[in-house]
Amino acid sequence: MIDKTVPDVAAAVAGIRDGATVMIGGFGRAGQPVELIDALIAQGARDLTVVNNNAGNGDTGLAALLAAGQVRKMICSFPRQSDSWVFDGLYRDGKVELELVPQGNLAERIRAAGAGIGGFFTPTGVGTHLAEGKETRRIDGRDYVLEYPIRADVSLISARAADRWGNLVYRETARNFGPIMAAAAETTVVQVDEIVPLGWLDPEVVVTPGLYVDRVVAVGERPWLRDGEFIGGVDIEGRPLADEDAS
Amino acid sequence: MIDKTVPDVAAAVAGIRDGATVMIGGFGRAGQPVELIDALIAQGARDLTVVNNNAGNGDTGLAALLAAGQVRKMICSFPRQSDSWVFDGLYRDGKVELELVPQGNLAERIRAAGAGIGGFFTPTGVGTHLAEGKETRRIDGRDYVLEYPIRADVSLISARAADRWGNLVYRETARNFGPIMAAAAETTVVQVDEIVPLGWLDPEVVVTPGLYVDRVVAVGERPWLRDGEFIGGVDIEGRPLADEDAS
Amino acid sequence: MTTRISRAELAARVASDIPEGAVVNLGIGAPTLVADYLPEGLEIVLHTENGMLGMGPAPERGRVDPDLINAGKQPVTALAGAAYFHHADSFAMMRGGHLDVCVLGAFQVSAGGDLANWSTGEPGAIPAVGGAMDLAIGAKDVYVMTDLLTKGGEPKLVAACTYPLTGVGCVSRVYTDHGVFDVTPDGFRVRELFGDNTHGEIESLLGLRLEV
Amino acid sequence: MTTRISRAELAARVASDIPEGAVVNLGIGAPTLVADYLPEGLEIVLHTENGMLGMGPAPERGRVDPDLINAGKQPVTALAGAAYFHHADSFAMMRGGHLDVCVLGAFQVSAGGDLANWSTGEPGAIPAVGGAMDLAIGAKDVYVMTDLLTKGGEPKLVAACTYPLTGVGCVSRVYTDHGVFDVTPDGFRVRELFGDNTHGEIESLLGLRLEV
């Protein structure tokens, strides 16, 4: 029997080595695998290269991983946000490196890694600082820059539900980088709200087929859902509203 | 109000010009937009370059378009099949050109056209006749060949259902080339079993978002479905079985 | 004094040029305002690059869904007809030229249509580009929405950008508080001037020749 | 006479090497037979490149679904745990190295692991490649299942292919009716010989030195 489920988040992140490249899903807080990141902090792997669209929000999740001093380098498109003070401080102190990649090139480079593409010509970034030193080429009258895949040792992502084969479905814009990061890593670890019996996910609506997934851990339902249905009643960070706010 | 539905297949294929490049969805018979192809035969555009995985089966669909003498060139991966006699005859008589592309490179080249990628390095075909004369490059210890996008003037595809915005869902392995061809053409025309009211398709399960679709025509349900549910009772070509065979 | 329209009036002016059926990405910041002025009753499909078409307005009080956000990480809703997709598919839509219009902010736009809107190039600043470079090349028409002049009175429409570029030759039209300008092979062409603004006044504010 | 096992026995021999949990693509023709010999009760995930993982056996009589076919365009079924996807996603799975095993037929395999299985190079023949070149590079292990000799008695394991190549250095193991051979940096290495076949006999049939 194929069973990719693991009992807890510690088992899910076991074996991540110092110096590993770790992709972390999510766009801001949406889809960020916070429980897996917390487990990675507890696990303690250091000197990590982390690939994420951003560089952490507030003091939790990716920001906490940065604060723990476990990250040597960030590969991302948009580190500077109103609540990215942890990264900002480390960067100004020279304690973390930054490779800045336009968001669409970041997504396509991750997709290329999973799809076995050795490199691709993209029009994004041509003529800008972020294409300096890179090969460019005019094809059919348009200028392109050559970009290479970004691969990872481990991807940590979040989805709504999985079965024991690792088939995944996501929820709304929390899908974002999950499907492409799942395909780009040697080992893909997924936290989900719930694990459902094999056969419960309609083959037409599976977004990430199980062959991309190595470990699945259930972390329980988000506060704004009940039995998979949206019930509301939280702020944008997912904290339950006081009663008077929720009315 | 956005309404991409058209009343009949003649309206769906109106305006296809002589010399056009036309992508036709389907893998063999599965997903082949037979009603749109019949309309294209009636419409009469000639000198077409057709992109499809195969080169027609039996005497219907793409085979009939070939028999009508409307196709100048086929771009495909697998023309020769047990029932490809129409193409075989035309090819042997020098009446149709052939560009043979490995199936995965065909799919990725179509995907690249839709995704705005100017070219990509693929390992498929390296060192074979089908890579002769093409640029190759060793990247990270592996050899790749550079392939370019395939674009179309028109894509004709088949899906199970659409809404008036052109959002599409498919059925089983009839999905095949539909989503990537929808994105690779100037004008994308879709035949569906049924057009459903806007909002009936769950945004989580839409496979082809409406922005890729220009015209949608309902052609009625396939003989092996009733109200979208599989009822069986046909042979592999979709012909209803005699009663004794269906038992 | 020249006539300047307000930010809200400018958003409404941009909105009035977006036809029914258009697929539109509104950049973070001022361009987001355009959504509030899209004509009622017309169906315009909003794209957000974090993975959605058919984006609706902000949710009601108490109905914020943290899984459903826009590129600015603000809560939004989904309209009937919406679709979700992953990041590579989302940026493929832009890069592949499937969006009709992107509306972006700018530090500078050049007469050749170059856009600078992601970095002031200040030493020591933490760089962040996000989807700016993808959006710059990500639609059939790239509209910029900006003041004509910086707060310090410097022109934002320039012969050549001095700030780091976001994209080369990508802007098709600039909506400013003083008027609307098309980018043409011959440089900026006046499309509309607000109030009593004259061609000569704008030329002298910019120090640039403008086509008519 | 050397010992030759039947096509069915060979399919069973290949099947016995496929572990539980493996994601496997079985090529058109003889390799399809392997499915019939996969150990009962083990979960092995079959991929068909026309857009499905979790492919099941042929449907019952009267239950043929023309929308649900394999790469050979035969009717199949979907197991619990299946997933559908489009062609670019399907070939990305192969090209990206996410399949564990592909089993393919061959005209020739070279000692360097080159595969020739798509064209005999005959002038005038209509060429057709399908997914052959993608499958050849499309799994962590590429197994070939073939007779050792052609019907005319010519070796199919050769020093260098004379037929047009499908892929270069891509084959990891060859299952033949006479024995099983690994492709190593030093050429073919005997893994198993069936019946009484000896190393020397096979070397003389092939006219090739075989590693032990």
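Sequence lines set the chain letters: A, B, ... in the order given, protein chains first and strands last, and positions in each chain run from 1. Atom set for the values below is all heavy atoms of this structure, side chains included, hydrogens, waters and symmetry mates excluded.
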- Message: Quick check for you: among V169(A), I139(A), V207(A), which has the greatest number of heavy-atom pairs under 4.5 Å with chain B?
- Response: I139(A)
- Message: Looking at chain A, which one of G118(B), G104(B), P123(B) has the largest number of heavy-atom pairs inside 4.5 Å, strictly under?
- Response: G118(B)
- Listed by chain and number, what are the side-chain contact (heavy atoms from CB on, under 4.5 Å) partners of V96(A), not counting sequence neighbours? L66(A), V71(A), M74(A), F87(A), L90(A), Y91(A)
Enumerate the inter-chain donor-acceptor pairs under 3.5 Å for chain A and chain B, one line per pair.
from, atom 1, to, atom 2, distance (Å)
E108(A), OE1, R111(B), NH2, 3.1
E108(A), OE2, R111(B), NH1, 2.6
R111(A), NH1, E108(B), OE2, 2.5
R111(A), NH2, E108(B), OE1, 3.1
G118(A), N, F121(B), O, 2.9
G119(A), O, F121(B), N, 2.9
F121(A), N, G119(B), O, 2.9
F121(A), O, G118(B), N, 2.9
E135(A), OE1, R137(B), NH1, 2.8
E135(A), OE1, R137(B), NH2, 3.4
E135(A), OE2, R137(B), NH2, 2.9
R137(A), NH1, E135(B), OE1, 2.8
R137(A), NH2, E135(B), OE1, 3.4
R137(A), NH2, E135(B), OE2, 2.9
E172(A), N, E204(B), OE2, 2.7
R175(A), NH2, E204(B), O, 3.0
E204(A), O, R175(B), NH2, 3.1
E204(A), OE2, E172(B), N, 2.7

